[in-house]
4 protein chains.
Amino acid sequence: MYVEQEERKDTKIEGVTIHETRIGNIEVTTVEVDQKGAEHIGKNPGSYRTIYSNAIKRQDTKSQEETAKVVTKQLLELMKKNKIPKDASGLIVGLGNRNVTPDALGPLVIDKVLVTNHLFVHEPQYVKEGYRRVATIIPGVMGLTGIETSDIIKGVIDKYQPGFLIAIDALASRSMERVNATIQLSDSGIHPGSGVGNNRKELSEKTLGVPVFAIGVPTVVDAVTITSDAIDYVLKHIGKEWKEKDRPSKSLTPAGLNFGDRSLSEDDLPPIEKREKIFGMIGALDEQEKRALMQEVLTPLGHNLMVTPKEIDGYIKDLAHLLAESLNAALHENVTIKNFSQYTR
Amino acid sequence: MYVEQEERKDTKIEGVTIHETRIGNIEVTTVEVDQKGAEHIGKNPGSYRTIYSNAIKRQDTKSQEETAKVVTKQLLELMKKNKIPKDASGLIVGLGNRNVTPDALGPLVIDKVLVTNHLFVHEPQYVKEGYRRVATIIPGVMGLTGIETSDIIKGVIDKYQPGFLIAIDALASRSMERVNATIQLSDSGIHPGSGVGNNRKELSEKTLGVPVFAIGVPTVVDAVTITSDAIDYVLKHIGKEWKEKDRPSKSLTPAGLNFGDRSLSEDDLPPIEKREKIFGMIGALDEQEKRALMQEVLTPLGHNLMVTPKEIDGYIKDLAHLLAESLNAALHENVTIKNFSQYTR
Amino acid sequence: MYVEQEERKDTKIEGVTIHETRIGNIEVTTVEVDQKGAEHIGKNPGSYRTIYSNAIKRQDTKSQEETAKVVTKQLLELMKKNKIPKDASGLIVGLGNRNVTPDALGPLVIDKVLVTNHLFVHEPQYVKEGYRRVATIIPGVMGLTGIETSDIIKGVIDKYQPGFLIAIDALASRSMERVNATIQLSDSGIHPGSGVGNNRKELSEKTLGVPVFAIGVPTVVDAVTITSDAIDYVLKHIGKEWKEKDRPSKSLTPAGLNFGDRSLSEDDLPPIEKREKIFGMIGALDEQEKRALMQEVLTPLGHNLMVTPKEIDGYIKDLAHLLAESLNAALHENVTIKNFSQYTR
Amino acid sequence: MYVEQEERKDTKIEGVTIHETRIGNIEVTTVEVDQKGAEHIGKNPGSYRTIYSNAIKRQDTKSQEETAKVVTKQLLELMKKNKIPKDASGLIVGLGNRNVTPDALGPLVIDKVLVTNHLFVHEPQYVKEGYRRVATIIPGVMGLTGIETSDIIKGVIDKYQPGFLIAIDALASRSMERVNATIQLSDSGIHPGSGVGNNRKELSEKTLGVPVFAIGVPTVVDAVTITSDAIDYVLKHIGKEWKEKDRPSKSLTPAGLNFGDRSLSEDDLPPIEKREKIFGMIGALDEQEKRALMQEVLTPLGHNLMVTPKEIDGYIKDLAHLLAESLNAALHENVTIKNFSQYTR
């Protein structure tokens with residue numbers, strides 16, 4: 001499983017443009033990285049779009065439809081930006097292991113998308129205007145096939161010769177909050193998580209010879225991340241309490257009600273000397289050091305579990321449905337955000 | 001889905017050698033077809049082995065183990081006959097659609113076989129003597145991938161370069177009796193069922209460049225076959241009754257007990273004039289004509305259903321287990337018919 | 001598995017009223033049986049409604065929605081006829097074995113219906129107007145639980161005390177044509193199929209003490225029925241050909257085009273002497289005798305297979321969706337045939 | 001989902017006897033609580049047995065068989081202690097939601113255990129000596145049935161009248177280490193986790209009228225527990241480092257090798273003033289206070305996720321197999337730890 005790419009909202013870096021919008025409860029962050037920016041931040045140049053939505057976790061089907069519309073729009077923009085012609089044929093690749101629920105997202109999306117290529121080839125008389133050629137492949141995972149996933153995909157590309165490729169994968173999250181709550185699109189391919197020591201090879205235009213769009217959803221998180229996030233939340237919580245203690249309004253609020261907005265922000269993080277008071281030397285460590293320490297302790301004990309929410313079976317089904325709707329609408333002119341729910345159930 | 005190959009036990013044809021053995025309740029029919037024989041009977045030359053066993057239908061796990069042993073032995077013989085070296089790498093292909101239970105046999109076998117190739121490549125220090133390189137692929141079906149299955153397999157072969165290929169598939173049966181009761185092996189590849197008008201291309205040494213072994217199990221049967229078989233059984237039943245009427249023993253047997261052995265043979269089929277009496281002009285038709293008539297009537301009505309036994313979910317699981325055991329034992333020296341059950345659950 | 005009840009459209013019997021309507025491609029047959037009629041035909045008195053629709057077999061989701069609307073209407077009528085108050089609490093029972101695909105209809109419907117009883121009990125503040133109390137139970141099958149299904153249901157009724165019960169079950173079909181194409185409703189309960197020798201006890205108002213509505217869908221059929229139906233189709237086909245031979249129009253129709261309407265009717269059945277010519281003494285047997293003979297031959301051979309269409313996995317999912325929509329709309333005022341698809345996916 | 005009972009190994013309390021044994025890599029802790037002890041520790045009196053084994057997490061099938069043998073022995077002892085006659089009929093209850101993988105343990109065990117009651121009732125001639133009457137029920141969860149689970153069970157008990165009951169359930173763990181690694185047996189029934197605010201009622205001899213044995217396996221854990229455990233591991237890790245710094249052997253060990261035994265013990269926890277140095281005021285909190293603080297922070301944010309390991313699908317299957325083997329061997333004289341694997345696959 002790949003690890004999601006780190007976000008860098010906080011910095012003003014040459015060659016990196018960040019843009020944030022909000023549609024209802026859905027947030028979209030767009031990060032454009034040019035060649036120069038790529039060198040600065042150590043990522044491939046390209047367009048990175050993150051859609052943040054609680055619709056899956058809240059099992060709210062109406063809001064899931066709204067999210068699918070936003071994903072469709074972002075996907076269309078990415079394709080346009082990369083000048084994909086409207087009749088270019090697409091290959092959708094469902095990465096992951098269908099027998100491991102949190103890793104089954106890719107295969108389940110493939111089960112639900114519209115496939116048309118065989119009709120174009122064998123029964124062109126039945127293909128209406130407004131559809132493009134789409135084929136799919138579920139390559140499996142190396143532990144089950146014994147073959148590098150990238151080799152299987154290359155083999156299929158050699159025969160099918162698609163105009164572009166869309167790869168869908170479940171990811172390991174860098175934050176508790178984002179698990180099953182963010183959908184990440186990019187046009188820079190999929191890269192093995194360096195932190196995982198995984199040998200699977202890059203899937204990108206460079207290695208495959210066709211434009212590669214990646215759609216990733218973090219569905220698992222490790223114990224180190226959970227702990228690191230939890231420590232941060234405690235620091236911010238106490239920091240906020242201290243700040244608010246001095247605000248007059250606070251004196252009128254009954255205890256326990258100061259969680260009105262139920263959210264904590266970066267600003268709530270207290271200064272380092274206070275952090276040390278609360279969490280000792282651990283509190284003084286920065287994000288990287290804290291994680292490194294925890295990893296050093298938990299991993300040899302076999303306790304750096306990779307975990308997924310208990311309700312994952314339902315989440316994955318809903319995510320597969322949402323992404324299949326978005327893909328159908330982005331790929332075929334005849335399918336739109338108005339009628340996409342008729343093409344998937 | 002491919003249609004199983006027709007059996008031709010009844011004939012003495014030049015270039016075709018037939019051999020039958022029985023191990024306990026398991027029957028094995030071996031048909032060797034040379035170039036001359038191939039021309040006569042319109043099949044590819046090669047070795048065809050059919051293992052007949054009731055173990056799956058009777059859900060008898062002990063007898064399933066016995067059957068797995070026989071399948072292992074036949075598979076080993078086929079590989080030896082084709083001079084597959086003991087260190088040749090194999091690619092096991094699980095044909096069929098895993099979302100359609102009677103067609104899911106191939107994918108389910110793949111879920112259960114030993115895969116070793118990635119260990120040879122990435123962790124050779126952990127590979128013990130007595131194992132060969134094995135990789136697998138589940139190519140999907142054209143209706144879901146949009147791509148010819150044979151193209152996907154060719155693409156993978158180009159990258160992985162196996163020494164030989166084993167393809168596993170569920171078949172359409174030519175007889176009610178054989179559904180889930182026969183396992184068919186051959187070294188002549190898999191050929192699209194001509195009767196089905198299916199365009200999928202041949203998988204054979206000729207098209208793929210490596211030796212191809214096929215393992216097929218008939219899991220579905222059509223209404224025409226069921227009806228045709230049922231008419232035959234009625235004819236034989238009445239034929240047998242008539243024959244036995246004249247035997248003195250019969251007069252002492254109470255009615256209804258003449259089914260002692262519960263089996264009917266070709267010899268019980270009455271002569272044509274009697275068949276006509278029982279089944280009119282239909283009774284006088286030969287097998288082919290009877291099927292053709294029925295097909296002509298049922299197909300346009302949409303009533304030539306392709307069906308599978310109600311208990312198929314359990315049968316397919318047991319079949320996948322049985323074949324995975326046989327494959328593991330046939331492919332790796334360290335796995336034998338004595339210990340193969342430890343490698344699959 | 002229960003066997004569907006025999007239909008008796010052909011007769012004019014005292015105490016039995018038959019009514020047929022058609023909505024688009026959907027046919028509805030209503031049979032009202034009073035006490036006198038019940039004695040004549042050997043069925044319980046009550047209202048029997050059969051909805052015939054090809055929507056499932058044709059995998060046509062739009063037409064499935066139309067069918068769900070018709071089922072909703074019939075269910076509402078049945079409930080009204082039995083004077084079920086709008087606030088009576090309901091218990092939906094999903095009969096069958098979820099591990100056997102063609103028998104999993106009941107459990108899968110339960111997975112998809114709205115359940116409200118626990119909200120009424122524990123969180124009444126969240127229950128809006130327009131919903132009634134609904135609970136569900138999946139009792140399992142005796143082979144897996146070891147307990148009579150009717151005993152489990154009685155035990156639950158004793159505790160939950162519902163106002164009425166709706167039982168959903170997959171059935172064995174009496175005709176090839178009706179498999180996965182008819183939905184049968186009645187207010188006379190579910191009765192063990194006498195032909196199957198099954199000891200499961202009746203589920204009815206008499207045995208359970210509350211009104212019992214049954215919803216059944218034939219999903220399997222046996223080899224005897226397939227053969228018997230196929231013989232009938234052949235007879236009708238030849239009968240029709242003979243009739244049309246004499247019609248002037250026929251002479252102008254190219255061969256093979258006389259199947260224009262692709263349907264055969266009872267009227268196409270030729271007279272008995274012609275039937276004998278075609279199918280010999282078998283052709284002269286009536287339906288019952290033909291089946292009895294076939295059963296006598298096939299059953300001892302173990303060849304009276306109970307089968308289901310190859311595509312059953314998809315059919316059962318669609319049927320469960322359709323019935324869940326209908327049940328939600330029939331049970332809750334707030335759910336209607338206009339919005340029922342929002343409550344099930 | 002219930003929360004596992006807290007362990008209290010550390011104390012010497014009147015009325016509580018603790019006994020620990022080890023068989024190979026499997027540890028068994030037995031805690032006997034009498035009436036007096038029950039008052040002291042706030043648990044029901046009874047026998048509590050915890051089997052600790054890494055066999056599931058390591059996916060080691062051989063070691064899983066060993067664990068199943070230990071579970072069988074403990075279960076037999078518990079039954080003997082409660083004087084269950086060898087011909088008493090048992091009811092096995094599979095608690096939990098089969099559509100939520102980490103909660104599906106109960107239903108999956110039921111799918112695999114031997115059920116005999118219907119044979120005793122309907123076909124006694126086929127029941128050999130050495131089997132007892134066993135029935136099963138999968139009552140579902142209140143969110144899906146709308147009915148209290150305990151009411152469904154009571155209803156079934158009223159009809160079936162078993163001699164004793166065995167309830168199987170997945171639990172929420174109180175420690176990261178124990179997830180999927182402990183099997184907990186007791187004869188004191190199942191009690192709703194007070195910490196979860198769950199209203200489901202107790203299942204015990206007091207409420208059900210028959211002896212109740214509970215088998216629980218922790219399969220999920222919350223973010224608070226993960227964080228709390230991780231903080232403890234860090235404290236112990238640093239504590240151990242400090243201790244070992246002064247030991248002469250340490251000076252000869254290359255850096256990073258002091259994890260030779262990969263385990264940390266309670267003794268490694270540094271004294272409070274050192275804990276405060278490392279983790280500030282958080283380090284000075286005791287277990288309960290630390291959890292309470294974290295819960296206060298994470299819960300309102302919606303971040304106290306209940307999680308399960310990524311590999312849960314495979315773990316649950318293996319656990320169900322292991323428990324089914326143990327149950328079959330404990331319940332039927334004819335099934336023993338020597339042959340139990342023949343009764344489950």
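Residue numbers begin at 1 in each chain, while the letters A, B, ... track the order of the sequences.
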J.: If we ignore hydrogens and angles and just use 3.5 Å, is the side chain of C:T207 paired with the main-chain N or O of C:E202 as donor and acceptor?
T.: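 Yes; judged by distance alone, with no hydrogens or angles, the pair exists.
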
J.: Run C:D151 and D:Y160 through side chain to side chain contact (heavy atoms under 4.5 Å, CB included) and show every step you take.
T.: CA-CA 8 Å; C:D151 281 347; D:Y160 171 54; over 6 Å; no

J.: Which of the residues D:I157, D:I153, D:I147, D:I152 is involved in the greatest number of heavy-atom pairs with chain C at under 4.5 angstrom?
T.: D:I147

J.: Quick check: under 4.5 Å, non-hydrogen atoms only, which of residues 316-324 of chain C neighbour chain D?
T.: none

J.: Should D:F164 and D:L331 be marked as a side chain to side chain contact (heavy atoms under 4.5 Å, CB included) after you check the CA-CA gap, both sets of side-chain angles, and the distance that decides it?
T.: CA-CA 11 Å; D:F164 63 96; D:L331 292 175; 3.6 Å; yes

J.: Can you check whether C:V335's main-chain N or O pairs, donor with acceptor, with C:N339's side chain at less than 3.5 Å?
T.: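 Judged by distance alone, no pair lies under 3.5 Å.
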
J.: Going by the rule salt bridge (Lys or Arg N to Asp or Glu O under 4.0 Å), which residues pair with C:E333 if we only count those two or more places apart in sequence or in a different chain?
T.: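 Testing C:E333 for salt bridge (Lys or Arg N to Asp or Glu O under 4.0 Å), a comparison that skips the adjacent residues, returns C:K86.
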
J.: In the structure I gave you, are the side-chain heavy atoms of C:L171 and C:T219 within less than 4.5 Å of one another anywhere?
T.: no

J.: Under 3.5 Å, sequence neighbours excluded: what are the donor-acceptor pairs made by side chains of residues 104-114 of chain C?
T.:
{"unit_1": "C:D111", "atom_1": "OD1", "unit_2": "C:R98", "atom_2": "NH2", "d": "3.4"}
{"unit_1": "C:D111", "atom_1": "OD2", "unit_2": "C:R98", "atom_2": "NH2", "d": "2.5"}
{"unit_1": "C:K112", "atom_1": "NZ", "unit_2": "C:R345", "atom_2": "O", "d": "2.7"}

J.: Do D:D169 and D:D103 come close enough that some side-chain heavy atom pair is under 4.5 Å?
T.: yes

J.: Check whether any side-chain heavy atom of D:K154 sits under 4.5 Å from a side-chain heavy atom of D:E148, and report yes or no.
T.: no

J.: Pick from C:V121, C:D158, C:L144: which one has the most heavy-atom pairs with chain D under 4.5 Å?
T.: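 When all of C:V121, C:D158, C:L144 are compared, C:L144 has the most.
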
J.: So do C:M79 and C:F213 actually touch side chain to side chain, heavy atoms under 4.5 Å?
T.: yes

J.: Whether the side chain of C:D187 engages the backbone of C:N82 through a donor-acceptor N/O pair (distance < 3.5 Å, no angle test) should be reported.
T.: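 Pair absent, no side-chain N/O of C:D187 close to backbone of C:N82.
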
J.: Could you tell me if the side chain of D:V224 sits less than 4.5 Å from the side chain of D:L298, heavy atoms only?
T.: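 In contact.
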
J.: For chain D, which residues of residues 123-138 of chain C have at least one non-hydrogen atom nearer than 4.5 Å to it?
T.: C:A135, C:T136, C:I137, C:I138

J.: Name the region of C:T145, side chain, backbone, both or neither, that has any atom closer than 4.5 Å to a heavy atom of chain D.
T.: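 The answer is both parts of C:T145.
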
J.: Can you tell which of C:V156, C:N99, C:I92, C:T116 has the highest number of heavy-atom pairs within less than 4.5 Å of chain D?
T.: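 So the answer, after comparing C:V156, C:N99, C:I92, C:T116, is C:N99.
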
J.: Can you tell which part of D:L91 gets under 4.5 Å to a heavy atom of chain C, answering side chain, backbone, both or neither?
T.: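 It is the side chain, since no backbone atom gets that close.
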
